[in-house]
Amino acid sequence: MKNPSHKAQFIEFIMQTGVLKLGSFTLKSGRQSPYFFNAGLFNTGGQLAQLAKGYASAIAHSEINFDVLFGPAYKGIPLAATTSVCLAQEFQIDKPYAFNRKEAKDHGEGGNIVGHALEGDILIIDDVITAGTAIRESMDLIKAQGAKPAGVIVALDRMERGQGARSAIQEVQDDYGIPVISIINLNDIIEYLEANQKTEYLEAMKSYRETYGI
Ligand code: OMP
């Protein structure tokens, strides 16, 4: 099925909230992009609930088996917390969750992991993968705790080349032998723009995909 309606609904939601913007943006990589996904703009309870539902639904429909849902600081923290709630309430998947502190605590309970211990198979939840830098840091953290990564879920797969000829997501999949799934990807956005006659940035989006896509 092309662009199933839950994907179109999610794209409408991120456009309405201003999380997905079309225009001209300079990325961390220096690439000039006609679109930008700013997860920091999900900033009300209602928006977080809807976002969590997008993640929870993608997780529930995936084949990924995991023991703990892990949200890397800072942006991953509300994602892990709210998605855990949604998984339990709407999908009857009641799993432990955890997040890290950027600064290790040397008093009280100590350590830098909050929530459940990182044990067993860990599913990492994050906003966007571009070059994969943030995700690689999480892998190191998980290994340092003696656990192993089971998969990664992000809201948006930009489908861009990583360090070599493969996409950043393919590099992570191959290097760690785990699946990386997303709620939507660049193709979904382009299909949505086409289907809804939102043509202003369509050519720029396609040409960006042509230049940096895989
Ligand atoms: P990596 O850590 O290199 O994978 O890049 C992820 C980061 O890219 C995010 O944490 C943001 O700072 C940034 N980013 C977005 O948030 N949204 C985008 O659409 C594009 C980027 C980016 O700069 O590539």
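As the structure lists them, so they are numbered: ligands from 1, and atoms in each ligand from 1.
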Legend entry - Heavy-atom side-chain contact between Tyr192 and Lys7 under 4.5 Å: no
Inset, instruction - Would you check if Tyr208 and Glu160 make a side-chain contact, meaning some heavy-atom pair closer than 4.5 Å? - result: yes
Inset, instruction - Would you check if the side chain of Lys21 reaches a backbone N or O of Gly18 as a donor-acceptor pair within less than 3.5 Å? - result: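 Checking the backbone N and O of Gly18 against the side chain of Lys21, a donor-acceptor pair under 3.5 Å is found.
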[X], any N or O under 3.5 Å of ligand 1 N or O:
X: Tyr35; result: no
X: Asp127; result: no
X: Ala134; result: yes
X: Gly132; result: yes
X: Leu27; result: no

Could you list the donor-acceptor pairs under 3.5 angstrom formed by side chains in residues 78-88, with sequence neighbours left out?
from  : atom 1 : to    : atom 2 : distance (Å)
Thr82 : OG1    : Pro78 : O      : 2.6
Thr83 : OG1    : Leu79 : O      : 2.7
Ser84 : OG     : Ala80 : O      : 2.8

Write out the residue and atom name of the closest protein heavy atom to [atom], then the distance separating them to 0.1 Å.
atom: atom 24 (O) of ligand 1; value: Thr130 OG1, 2.7 Å
atom: atom 23 (O) of ligand 1; value: Lys28 N, 2.9 Å
atom: atom 16 (O) of ligand 1; value: Phe37 O, 3.3 Å
atom: atom 10 (O) of ligand 1; value: Lys75 NZ, 4.0 Å
atom: atom 20 (C) of ligand 1; value: Phe36 CE1, 3.4 Å
atom: atom 6 (C) of ligand 1; value: Val128 O, 3.6 Å
atom: atom 3 (O) of ligand 1; value: Ala131 N, 3.0 Å

Legend entry - Protein non-hydrogen atom found under 4.0 Å from atom 13 (C) of ligand 1: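 False for atom 13 (C) of ligand 1.
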Legend entry - Met159 CE to Ser182 OG distance, which is reported to the nearest 0.5 Å: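 Met159 CE to Ser182 OG: 8.5 Å, rounded to 0.5 Å.
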Legend entry - Asn65, CG atom: more than 12 neighbouring heavy atoms under 6.0 Å: no
Inset, instruction - Output the list of atoms in ligand 1 that are nearer than 4.0 Å to some heavy atom of Ile129, sorted by atom number. - result: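 Reading through ligand 1 atom by atom, the close ones are 4 (O).
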Legend entry - Glu194 with Lys206: basic N within carboxylate O range, under 4.0 Å: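 Result for this pair is yes, salt bridge flagged.
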Legend entry - Presence of salt bridge, Asp126 and Lys75, under 4.0 angstrom: no
Inset, instruction - Run the numbers on Phe42 and Phe13 for ring-ring contact (aromatic ring centres under 6.0 Å, His included), then give the verdict. - result: CA-CA 10 Å; Phe42 291 116; Phe13 164 56; 5.5 Å; yes
Inset, instruction - Have a look at ligand 1 and work out which part of Arg158, if any, has a heavy atom under 4.0 Å from it: side chain, backbone, both or neither. - result: side chain
Inset, instruction - Validate the cation-pi geometry between Arg101 and Tyr74: distance from NZ or CZ to the six-membered ring centre under 6.0 Å, angle to the ring axis within 45°. - result: no
Inset, instruction - Determine, using heavy atoms of Ser29 and all atoms of ligand 1, whether some pair is separated by less than 4.0 Å. - result: no
